[in-house]
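Notes for the one structure printed next.
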Amino acid sequence: IWVFIFNKTLLPGLYAALGIILIAAIFVTLYFYFLDKKKPAVTTDIPLGKPLNLNGALVFGLLYMVIIFVVAYANNYFGERGIYVGSGIAGLSEVDAITISVTKLSVSSISALSAQNAILIATLSNTIVKIGIALWNGSKELRKYIYIGYGAIFLSAIVAFLVLNI
């Protein structure tokens, strides 16, 4: 959505790449949906959080500001490689801020392909972190599902990266 808002010219290059990831995610979702239909229902109580938490917005704003500085610095001193490294690092925490940053930079100072690659690198980095968190905190049964689900999505993201750069 951020690419659509800030620089629509990046979208045509991302359609195929993000489409590959989306299709993989849909298949994984359907796989787990039908797998779950075979099991008896389990009920759990999940505590609700605060959806309008100001602290979350302030943390995002601060993180976005730091990422803008890191990406601008990396772009000035290291060129495209710096953008890619910055995207990988930024993706460790979240993807929105780096997506906004490189999308805006693609209007004036970096190529569309560099911005598209940076978005995919941040996405891959973020996926690796989510895999790690789930594996670290999850049960043996959950780990099996993580390997299948996130593994398929991660592999599709690598294929998407290759498709974008061919």
Side-chain angles (χ1 to χ4, degrees), residues 1-39 56 60 63-64 66-68 70-72 74-75 78-166:
I1 193 163
W2 299 120
V3 174
F4 178 79
I5 292 170
F6 292 110
N7 188 358
K8 292 177 186 159
T9 61
L10 293 179
L11 286 175
L14 288 171
Y15 284 145
L18 294 178
I20 291 168
I21 298 168
L22 177 64
I23 290 169
I26 289 170
F27 278 116
V28 166
T29 302
L30 290 173
Y31 170 76
F32 286 123
Y33 173 77
F34 290 117
L35 186 69
D36 189 53
K37 288 282 240 185
K38 297 176 184 176
K39 296 181 179 180
F60 177 80
L63 184 62
Y64 175 64
V66 168
I67 289 173
I68 285 177
V70 168
V71 169
N75 184 36
F78 303 110
E80 283 185 18
R81 289 184 182 165
I83 293 289
Y84 297 155
V85 170
S87 294
I89 293 169
L92 294 174
S93 61
E94 60 97 33
V95 179
D96 292 337
I98 190 65
T99 301
I100 293 168
S101 298
V102 297
T103 302
K104 286 182 173 183
L105 283 173
S106 70
V107 174
S108 60
S109 61
I110 65 173
S111 72
L113 183 60
S114 294
Q116 292 161 342
N117 281 326
I119 291 167
L120 284 178
I121 289 169
T123 303
L124 282 167
S125 171
N126 193 264
T127 302
I128 291 169
V129 168
K130 289 177 182 176
I131 291 169
I133 291 169
L135 292 175
W136 181 265
N137 293 317
S139 65
K140 281 187 174 184
E141 185 177 355
L142 178 65
R143 288 184 192 128
K144 178 178 68 172
Y145 296 135
I146 294 302
Y147 287 129
I148 294 168
Y150 271 122
I153 292 169
F154 182 77
L155 291 175
S156 71
I158 291 173
V159 170
F161 187 77
L162 294 172
V163 166
L164 181 63
N165 288 285
I166 292 178

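Keep in mind the model is a prediction, meaning the values are calculated, not measured. We use all heavy atoms of the structure for the numbers below, so side chains are in, but hydrogens, waters and symmetry mates are not.
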What pairs meet the side-chain hydrogen bond (donor to acceptor under 3.5 Å, both in side chains) rule with one or both residues in residues 128-140, with sequence neighbours excluded?
-> N126-K130
Quick one: side chain to side chain contact (heavy atoms under 4.5 Å, CB included) partners of A157, sequence neighbours excluded?
-> I21, L124
State, with a plain yes or no, whether a side-chain heavy atom of I128 is found less than 4.5 Å away from one of F154.
-> yes
Answer whether the closest heavy-atom distance between the side chains of I119 and L18 falls below 4.5 Å.
-> no
Looking only at heavy atoms, the pair that brings L164 and G13 closest together is CD1-O, 3.1 Å
Please name all residues satisfying side chain to side chain contact (heavy atoms under 4.5 Å, CB included) with S106, sequence neighbours left out, ordered by chain then number.
-> N7, L10, I110, A115
For residues 156-166, pull every pair meeting side-chain hydrogen bond (donor to acceptor under 3.5 Å, both in side chains), keeping only residues two or more places apart or in separate chains.
-> N117-N165
The side chain to side chain contact (heavy atoms under 4.5 Å, CB included) partners of L135 (sequence neighbours excluded) come to I131, R143, I146, Y147
Side-chain atoms of residues 24-37: list all donor-acceptor pairs with protein atoms under 3.5 Å, sequence neighbours left out, distances to 0.1 Å.
{"residue": "T29", "atom": "OG1", "partner": "A25", "partner atom": "O", "Å": "2.7"}
{"residue": "Y33", "atom": "OH", "partner": "K37", "partner atom": "NZ", "Å": "3.3"}

CG (L14) and CG (L113) are apart, to the nearest 0.5 Å, by 9.5 Å
Got a sec, which pairs hit side-chain hydrogen bond (donor to acceptor under 3.5 Å, both in side chains) with one end in residues 91-102, sequence neighbours left out?
-> W2-D96
Tightest non-hydrogen contact, residues A160 and I20, listed as CA-CD1, 4.1 Å
Flag side-chain contact, heavy atom, 4.5 Å: S111 against Q116 = no
How far does CG of L120 sit from OH of Y84, to the nearest 0.5 angstrom?
-> 10.0 Å
Write out all pairs satisfying side-chain hydrogen bond (donor to acceptor under 3.5 Å, both in side chains) with one or both partners inside residues 14-25, taking only residues at least two apart or from two chains.
-> none
Could you tell me the separation between the CG atom of L11 and the OG1 atom of T103, rounded to the nearest 0.5 Å?
-> 9.0 Å
Minimum heavy-atom distance S87-I98, with the two atoms named | OG-CG1, 3.6 Å
Side chain to side chain contact (heavy atoms under 4.5 Å, CB included) against R81, all qualifying residues, sequence neighbours excluded = none
Nearest 0.5 Å please: distance from the OG atom of S125 over to the CG atom of L92.
-> 3.5 Å
For K39, salt bridge (charged side-chain N to carboxylate O under 4.0 Å, His left out) partners two or more places apart = E141
